[in-house]
Amino acid sequence: MALRVYNTMTRNKEPFETLEPGVVKMYVCGPTVYAKAHVGHAMSVLVFDMVRRYLEYRGYEVRHVMNYTDVDDKIIRRANESGEDPIALAERYIREFDRHLVDLGVLPPKVKPRVTQEIGWIIKMVKGLEDKGYAYAVDGDVYFRVTKDDDYGKLSGRKLEEMMAGARVEVDERKEHPMDFALWKAARPGEPSWDSPWGKGRPGWHIECSAMNLHHLGEQLDIHGGGADLIFPHHENEIAQSESYTGKSYVRYWMHNGMLQMGGEKMSKSLGNLVTIEDFLAEHEADVLRMMVLSSHYRSPLKFTAETIAQAEKALERLRGGMRPAHASAAGLPEAMAAALAEQAAAAKEGFVAAMDDDFNAAAALGRLFDLVRAINQARDGGATAAQLQPAQETLRELAGVLGLDLTKQPPQKQGSAEAAPFIDLLIEIRTDLRAAKQWALADKIRDRLTEMGVLLEDTPGGTLWRWK
RNA sequence: GGCGACGUAGCCAAGUGGGAAGGCAGGGGCCUGCAAAGCCCUGAUUCGCGGGUUCGAAUCCCGCCGUCGCCUCCA
């Protein structure tokens, strides 16, 4: 079975073939850094981290590039409101996002270019487009001439006439066509600007990605990713710019993740239902969010509610349960049963790969992991020794790792828990004595009170275990 | 208004022509002093609704209803 990837351009799953054998050139649109990032941004990052990890598992070298848009209208507006320098404001949010990437357990992109560091390439491209007749300058602005691009609209499936009909944009009289978009904007007072053949100015939004790709990955990419909301106009315009400039096909596979939905509603500032990554991580582990993302297909909208969060938490716990050690009193599994476990592990791995090969169907792949967890738990309850459990658990750990989940990681301890630990141990020791003396009422009182305080007790043949919850 | 995606059990969700995965929640049982964890059993005669194609459809076609995204900055 070979890897197949859904391509937004063709609306079909296609066999995955790279431009260069064994190498995947992957560009993912990163955030515009004008405010704190929310869980929707995290979803996109986690989706493409999953894609990257699986490609690497399949043996590819992934040249992963993610940009930061650190100059644009919103950043400038924000900065003017607070009196902060726009570039400094952007820098602050870039650092914060970089920290989120680490906290979310995301493999760092190989390159994280920023607009302000790519001005040379941007100017070079805009100039090239102007020279070829794909762009024209007006009063220091430069616009892309959409009518010159025969297949403009091919990604989003729109035709210029249709866009015109539904367009709600105020028409700029200086533009030749209402859909022409800015490649370069003339500087206005108080804005960051750079020298260019058209005077001082700054880049338009779309050109940055085209230029960064040309610079860091070359004229053609294997995968270009981003949120589904970027299909139009952003990615449509990138195609127009890049293909007009190079004369070559820009991207082989366009991948778009679905949008995260807050309780059935769109997450937006006007609705005031924004959850920042910071907010989420203050309450939950990063892998809980990852589990949510993995639980549904990356192209589907993701429901983000208190209930779906709780379900993801439980699912993660169940997966981790598979990694629990053999029972202390394990007598060993008969040969045939041990062999059966090995077979179940192999079957799980095969099913996992088949699911992931089918356009990164992580939800189905997770299903195979849960199957394996059950098989391991059965073997453990059946008396398997640590050595007998080990190969299957290693498979589980490895495959979960491909999805970016670290099953050996313990849930983070609460504040002050280290100081409390000796006292909890003491209480448990006393409870163990009480249980030995059959003083059930007192023993249960200790357990109940600890539960109220968030300490869960579990009596196992090997002794009493506890954990925070 | 235009373009696109989607609608599967209480919740989340996989499944694109021929057996309705999996997780959470629920019910029964085993284990346990009682729990917890784990294990076993259990749930959609049915896939938004109505037609159609087919020997056969959740899966294909048409219509309707509903949700979401985009058309303006957006992961």
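We name chains A, B, ... by the order of the sequence lines, and we start the count at 1 in each one.
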statement: Closest of B:A37, B:C71, B:A75 to the A:Leu260 side chain is B:A75
Anything under 3.5 Å between a donor and an acceptor, one on a side chain of residues 441-452 of chain A, the other on a protein residue two or more places apart or in another chain? List them.
unit_1	atom_1	unit_2	atom_2	d
A:Arg449	NH1	A:Glu452	OE1	2.7
A:Thr451	OG1	A:Arg447	O	2.8

task: Keeping to residues at least two apart or across chains, list the side-chain hydrogen bond (donor to acceptor under 3.5 Å, both in side chains) pairs with something in residues 345-354 of chain A.
output: A:Lys349-A:Glu398
query: What residues, two or more places apart in sequence or in another chain, satisfy salt bridge (Lys or Arg N to Asp or Glu O under 4.0 Å) together with A:Lys36?
result: A:Glu96, A:Glu278
message: Expressed as a whole number of angstroms, how long is the span from A:Arg11:CZ to B:C70:C1'?
response: 11 Å
task: Return the set of residues passing salt bridge (Lys or Arg N to Asp or Glu O under 4.0 Å) with A:Arg52 (not counting sequence neighbours), or none when no residue passes.
output: A:Glu56
- request: Only pairs at least two apart or in different chains count here, so list each side-chain hydrogen bond (donor to acceptor under 3.5 Å, both in side chains) that has a residue in residues 363-376 of chain A.
  value: A:Arg368-A:Asp371
field: Contacts of A:Ser295 that satisfy side-chain contact (heavy atoms from CB on, under 4.5 Å) - sequence neighbours left out
entry: A:Met291, A:Leu366
query: Has the side chain of A:Asn361 got a donor or acceptor that lies under 3.5 Å from a partner of the other kind on the base of B:G15?
result: no
query: For A:Phe97, which residues count as a ring pair (Phe, Tyr, Trp, His ring centres under 6.0 Å) partner, sequence neighbours excluded?
result: A:Tyr68
Among B:G38, B:A75, B:G15, the one nearest A:Asp229 by side-chain distance: B:A75
message: At under 4.0 Å between heavy atoms, how does the protein contact nucleotides 17-29 of chain B? Give one character per nucleotide, 5' to 3', with B, S or -.
response: ----BSBBS----
- request: Give, ordered by number, those residues of residues 41-54 of chain A having at least one heavy-atom distance below 4.0 Å to an atom of RNA chain B; if nothing qualifies, reply none.
  value: A:His41, A:Ser44
query: Got a donor-acceptor pair under 3.5 Å from the side chain of A:Asp459 to the base of B:C34?
result: yes
